[in-house]
Amino acid sequence: SSSWGSAQNLDILNKQINEMQKKGNNKNALPLAVKVDDMTKNKFGERSGQYAESLLKLANLYNKNGQNNKPEPLYLHAMEIMKAANKDQQTEYTPYLIALAAFYVDTRQFEKAEPLYPIAANILDRNRLSNSSLYAVLLSGRGNLLYQQGLYADAETMFSRAIEIEEHEHLENTPDYAVFTGMLGDIYLREGAFEKAEQLLVRSMTLRKK
């Protein structure tokens, strides 16, 4: 019963972390993620998919909290676990590629980020997921990379497609959609398309408030 208890505790902690992240409270989510990472390793073992997942979550939180020296080894370690389990050609591997690429974009290591997006896109295309919300996240990551490099027209294409997918999947009320519309609005602003920009920025702002 104690192992069931620890599984239940893990569930509760993971839910708390997800709730905090939804509210943008990444600072308080971080110590919980450190705890969950430790508990997951003890419960499932250090070669388990569950442990890889907890490493991914922890690395993402370090990144969001601006602790730039910590995420990379965690991402790489998590990906090693997935590769060892022959999961590196499967859909569930793509969030690791996308997250690592996003970290590289955030830390302006563009040359490291660039090759990761096509690998992830390849896996999703092969699994017929090129219209999924995961693909939209991938496109937005690629869009952000292009945006940071000042390639606004190419970035615009990526964000427009990401928004199309979200609308097709009826995901217009999600935090992702708020980010995508905000980014596209910003690109239109830089390109001088003020009317288009205003519509998107207002939509993004309203969603973020909500």
Side-chain angles (χ1 to χ4, degrees), residues 11 14-15 17-26 29 49 52-53 56-57 59-61 63-64 75 78-79 82 87-106 113-114 116-148 151-189 191 193 195-210:
D11 266 359
N14 273 315
K15 278 190 184 125
I17 292 168
N18 292 342
E19 282 307 305
M20 286 175 176
Q21 283 193 278
K22 266 184 203 157
K23 291 175 183 154
N25 187 359
N26 297 312
E53 224 169 284
L56 175 65
K57 191 172 269 186
N60 285 341
L61 275 164
N63 189 24
K64 283 179 180 151
Y75 286 128
M79 288 161 88
M82 297 296 279
K87 297 266 175 76
D88 57 336
Q89 292 304 313
Q90 293 176 21
T91 305
E92 65 211 81
Y93 189 63
T94 51
Y96 295 83
L97 289 162
I98 294 167
L100 179 60
F103 166 71
Y104 286 143
V105 174
D106 287 346
E114 264 161 5
L116 298 175
Y117 289 115
I119 299 169
N122 239 326
I123 295 170
L124 292 177
D125 287 336
R126 268 206 319 277
N127 288 293
R128 306 216 167 112
L129 287 166
S130 52
N131 284 312
S132 63
S133 61
L134 188 54
Y135 207 88
V137 171
L138 183 151
L139 288 167
S140 80
R142 219 170 177 172
N144 191 32
L145 170 62
L146 294 160
Y147 174 88
Q148 300 296 340
L151 302 166
Y152 299 129
D154 294 333
E156 183 190 324
T157 307
M158 294 291 163
F159 283 110
S160 299
R161 178 82 190 98
I163 288 168
E164 252 171 49
I165 292 172
E166 295 281 280
E167 287 172 353
H168 183 260
E169 297 295 305
H170 306 295
L171 295 168
E172 297 97 331
N173 283 313
T174 60
D176 277 349
Y177 190 78
V179 172
F180 303 164
T181 47
M183 285 298 289
L184 186 57
D186 194 54
I187 290 165
Y188 283 143
L189 199 59
E191 292 176 337
E195 216 169 295
K196 277 184 180 176
E198 188 181 8
Q199 282 175 357
L200 284 166
L201 291 169
V202 167
R203 194 184 305 171
S204 176
M205 202 169 62
T206 311
L207 256 181
R208 283 168 195 264
K209 263 188 199 155
K210 207 158 94 179

Novice: I'd like to know if the side chain of Y117 reaches the main chain of L97, judged simply by a donor and an acceptor atom lying under 3.5 Å from each other, with no hydrogens or angles considered.
Specialist: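 Here the side-chain-to-backbone pair does not exist.
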
Novice: Quick one: side chain to side chain contact (heavy atoms under 4.5 Å, CB included) partners of K196, sequence neighbours excluded?
Specialist: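 Listed in chain order: Y188, A193.
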
Novice: Using side-chain contact (heavy atoms from CB on, under 4.5 Å), reason through K210 and N173 one step at a time and then give a plain yes or no.
Specialist: CA-CA 9 Å; K210 207 158 94 179; N173 283 313; 3.1 Å; yes

Novice: Atom CD of residue position E191 - does it have more than 12 heavy atoms of other residues, nucleotides or ligands inside 6.0 Å?
Specialist: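 Correct, the count exceeds 12.
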
Novice: So which atom in A162 and which in S140 form the shortest heavy-atom distance, rounded to 0.1 Å?
Specialist: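 Reported closest heavy-atom pair: CB-N, 4.4 Å.
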
Novice: Quick check on side chain to side chain contact (heavy atoms under 4.5 Å, CB included): which of L124, I123, L129 does R126 satisfy it with?
Specialist: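 Of L124, I123, L129, side chain to side chain contact (heavy atoms under 4.5 Å, CB included) with R126 is met by I123 alone.
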
Novice: Counting N and O atoms only, with roles assigned by atom type, does the side chain of S204 sit under 3.5 Å from a partner on the main chain of A178, one being a donor and the other an acceptor?
Specialist: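 Yes; judged by distance alone, with no hydrogens or angles, the pair exists.
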
Novice: Taking all heavy atoms of F159 and all of G143, pick out the closest pair and write down the distance.
Specialist: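 Scanning both residues, the minimum pair turns out to be CE1-C, 3.5 Å.
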
Novice: Evaluate D88 against M82 for side-chain contact (heavy atoms from CB on, under 4.5 Å), listing each step before the verdict.
Specialist: CA-CA 6 Å; D88 57 336; M82 297 296 279; 5.5 Å; no

Novice: Between G182 and L201, which heavy-atom pair has the shortest distance, and what is it?
Specialist: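 That closest heavy-atom pairing would be O-CD2, 3.6 Å.
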
Novice: Does atom CD of E166 have more than 12 heavy-atom neighbours from other groups under 6.0 Å away?
Specialist: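 Atom CD in E166 is crowded, with more than 12 foreign heavy atoms closer than 6.0 Å.
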
Novice: Could you report the tightest heavy-atom contact between A52 and Y96, atom names first, then the distance?
Specialist: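 Minimum heavy-atom contact is C-OH, 3.4 Å.
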
Novice: Does a donor on one side chain and an acceptor on the other come within less than 3.5 Å for R203 and Y177?
Specialist: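 Per modelled atom types, R203 and Y177 side chains form a pair under 3.5 Å.
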
Novice: Assess, by modelled atom type and distance only, whether the side chains of T157 and R161 contain a donor and an acceptor separated by less than 3.5 Å.
Specialist: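 T157 vs R161: no donor-acceptor pair found between side chains.
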
